[in-house]
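Data block below; observations after.
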Amino acid sequence: MCGISGFYSKNLSKYNNVILRMNSALSHRGPDFSSQWEDNNFGIALGHQRLSILDLSNAGNQPMISQSGRFVITYNGEIYNHKDIRNEINILNSNIKWKSNSDTETLLESIETFGIKKALQKTVGMFAFAIWDKKNCSLTLARDRMGEKPLYYGWQGQNATKTFLFGSELKSLKQHPAFDGEINRNSIALQLRHNCIPDPYSIYKNIYKLLPGHYLQLREN
């Protein structure tokens with residue numbers, strides 16, 4: 001498994017090194033490589049803790065940028081049919097120059113080629129990812145159909161500190177200064193009733209688990 005984390009805030013410059021702390025909280029999920037990507041112009045920060053599986057080289061490190069430079073992804077999971085998808089992309093674009101053998105790059109270029117919705121329809125596997133679209137200034141979070149890979153998200157803070165947080169685990173979100181940490185009392189009732197807190201709820205107010213087989217988009221305008 002790997003760990004993904006990140007946040008979107010109009011005041012990204014106020015949160016120096018916060019993505020480092022969010023990432024470090026997930027070090028147990030990916031001990032092979034740790035990296036971050038930030039764009040101060042748009043207030044987006046992405047983090048990744050890597051566990052190398054399909055491609056052990058540095059070419060599979062994340063966050064990964066698409067060949068056109070439009071998309072940046074942080075991804076956790078495995079795409080079982082990524083070679084089939086890669087072959088399909090090769091037919092449509094014979095000039096593509098693959099930099100790695102990773103399913104991350106396949107997913108990234110599939111989104112570049114087919115768009116988010118169609119790429120997800122083609123994808124068979126277990127995954128959770130966040131991808132930033134520089135052209136449309138949009139952030140997309142997605143989760144696999146069975147919900148094998150976790151992904152938490154939510155708005156925290158108010159006014160100048162209002163921030164959209166996301167990550168593989170709650171402990172990552174808790175590292176951000178805007179995180180409120182207010183307990184959702186309704187979630188306590190759900191825990192007592194079901195012996196778990198079912199999707200899309202979490203123990204914290206305004207923090208949710210993305211439902212299996214769903215994606216959400218956050219747009220600049």
Side-chain angles (χ1 to χ4, degrees), residues 1-6 8 30 33 35-39 41-42 44-151 153 164 166 168 210-221:
M1 64 181 175
C2 297
I4 68 173
S5 60
Y8 170 80
F33 188 76
S35 187
Q36 305 79 37
W37 178 90
E38 297 177 84
D39 189 330
N41 292 325
F42 294 101
I44 182 73
L46 305 177
H48 190 265
Q49 289 289 151
R50 184 185 181 195
L51 177 64
S52 304
I53 298 177
L54 292 183
D55 186 335
L56 305 183
S57 73
N58 291 337
N61 289 341
Q62 301 180 48
M64 186 180 289
I65 302 174
S66 66
Q67 292 192 24
S68 71
R70 175 178 174 177
F71 295 99
V72 187
I73 194 170
T74 181
Y75 153 80
N76 168 35
E78 183 176 352
I79 307 302
Y80 305 139
N81 64 332
H82 90 94
K83 290 184 179 180
D84 293 333
I85 295 174
R86 185 171 287 212
N87 289 336
E88 187 174 352
I89 295 172
N90 285 332
I91 293 172
L92 295 173
N93 181 8
S94 60
N95 294 321
I96 192 167
K97 303 295 183 183
W98 298 100
K99 299 176 182 178
S100 73
N101 295 313
S102 70
D103 56 344
T104 307
E105 187 180 14
T106 304
L107 176 61
L108 186 57
E109 297 304 329
S110 177
I111 292 171
E112 176 88 65
T113 303
F114 304 112
I116 290 284
K117 186 174 181 179
K118 192 171 181 180
L120 286 171
Q121 290 173 343
K122 291 177 178 291
T123 300
V124 178
M126 53 178 183
F127 58 84
F129 67 80
I131 187 166
W132 174 252
D133 183 342
K134 296 181 183 180
K135 180 179 179 180
N136 293 331
C137 300
S138 64
L139 175 69
T140 301
L141 306 184
R143 194 175 178 205
D144 64 81
R145 296 171 181 84
M146 298 301 294
E148 291 188 58
K149 296 298 182 181
L151 187 53
Y153 71 93
F164 184 82
F166 62 88
S168 298
L210 187 62
L211 288 169
H214 283 65
Y215 72 94
L216 67 81
Q217 289 186 320
L218 182 68
R219 291 185 177 271
E220 176 76 12
N221 47 24

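Remember, it's a predicted structure, so these values are computed and weren't measured experimentally.
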Open item on the list: Are the side chains of Ile116 and Ile131 in contact, using a 4.5 Å heavy-atom criterion?
Closed with: yes
TODO: Considering non-hydrogen atoms only, spot the tightest contact between Leu151 and Ala142 and give its length.
DONE: CD2-O, 3.7 Å
Task: Given Gln67, Arg70, Met64, the one that forms side-chain contact (heavy atoms from CB on, under 4.5 Å) with Leu108 - done: Met64
Task: Backbone N/O of Tyr75 and side chain of Gln62: donor-acceptor pair under 3.5 Å - done: yes
Open item on the list: So does Gly47 get a backbone contact from the side chain of Thr74, meaning a donor-acceptor N/O pair under 3.5 Å?
Closed with: yes
Task: His48 and Ser35, any side-chain heavy atoms less than 4.5 Å apart - done: no
Open item on the list: Within this structure, what is the CD1-CD1 distance for the pair Ile111 and Ile73, rounded to the nearest 0.5 Å?
Closed with: 4.5 Å
Open item on the list: Can you tell me how far apart CZ (Phe71) and OG (Ser138) are? Round to the nearest 0.5 Å.
Closed with: 7.0 Å
TODO: Over all heavy atoms of both residues, which pair between Pro150 and Ser168 is shortest? Give the atoms and the distance, please.
DONE: CG-O, 3.4 Å
Task: CG-OG1 distance between Leu92 and Thr113, expressed to the nearest 0.5 angstrom - done: 7.0 Å
TODO: Considering non-hydrogen atoms only, spot the tightest contact between Leu46 and Trp132 and give its length.
DONE: CD1-CB, 4.5 Å
Open item on the list: Minimum heavy-atom separation for Pro212 and Met146, please, with both atom names.
Closed with: CB-C, 3.9 Å
Open item on the list: Less than 4.5 Å apart, side chain to side chain, heavy atoms only: is that true for Arg86 and Asn101?
Closed with: yes
TODO: First locate atom CG of Leu141, then atom CG of Leu216, and finally report the distance between them rounded to the nearest 0.5 Å.
DONE: 4.5 Å
Open item on the list: Quick check for you: to the nearest 0.5 Å, what is the distance between Tyr80 atom OH and Ile85 atom CD1?
Closed with: 13.0 Å
Open item on the list: Once rounded to the nearest 0.5 Å, what's the spacing between atom OG of Ser110 and atom CD of Glu88?
Closed with: 7.5 Å
TODO: Can you see which heavy atom on Phe166 is nearest to which on Ala130, and at what distance?
DONE: CE1-CB, 3.4 Å
Open item on the list: Which heavy atom of Gln49 sits nearest to which heavy atom of Gly30, and what is that distance?
Closed with: NE2-O, 2.8 Å
Open item on the list: The test is side chain to side chain contact (heavy atoms under 4.5 Å, CB included); show your working for Glu109 and Trp98 and say whether it passes.
Closed with: CA-CA 9 Å; Glu109 297 304 329; Trp98 298 100; 3.6 Å; yes
Task: Chi angles and distances behind the side chain to side chain contact (heavy atoms under 4.5 Å, CB included) call for Leu107, Phe127 - done: CA-CA 10 Å; Leu107 176 61; Phe127 58 84; 5.6 Å; no
- [ ] Would you tell me whether Asn81 and Asp84 have side-chain atoms, one donor and one acceptor, within less than 3.5 Å of each other?
- [x] no
- [ ] Look only at the side chain of Lys149 and the backbone of Asp144, and say whether a donor-acceptor pair between them is shorter than 3.5 Å.
- [x] no
- [ ] Answer yes or no: is there a donor N or O on one side and an acceptor on the other, between the side chain of Asn76 and the main chain of Cys2, under 3.5 Å?
- [x] yes
TODO: Evaluate the criterion side chain to side chain contact (heavy atoms under 4.5 Å, CB included) for residue pair Tyr153 and Leu139; output intermediate values, then yes/no.
DONE: CA-CA 12 Å; Tyr153 71 93; Leu139 175 69; over 6 Å; no
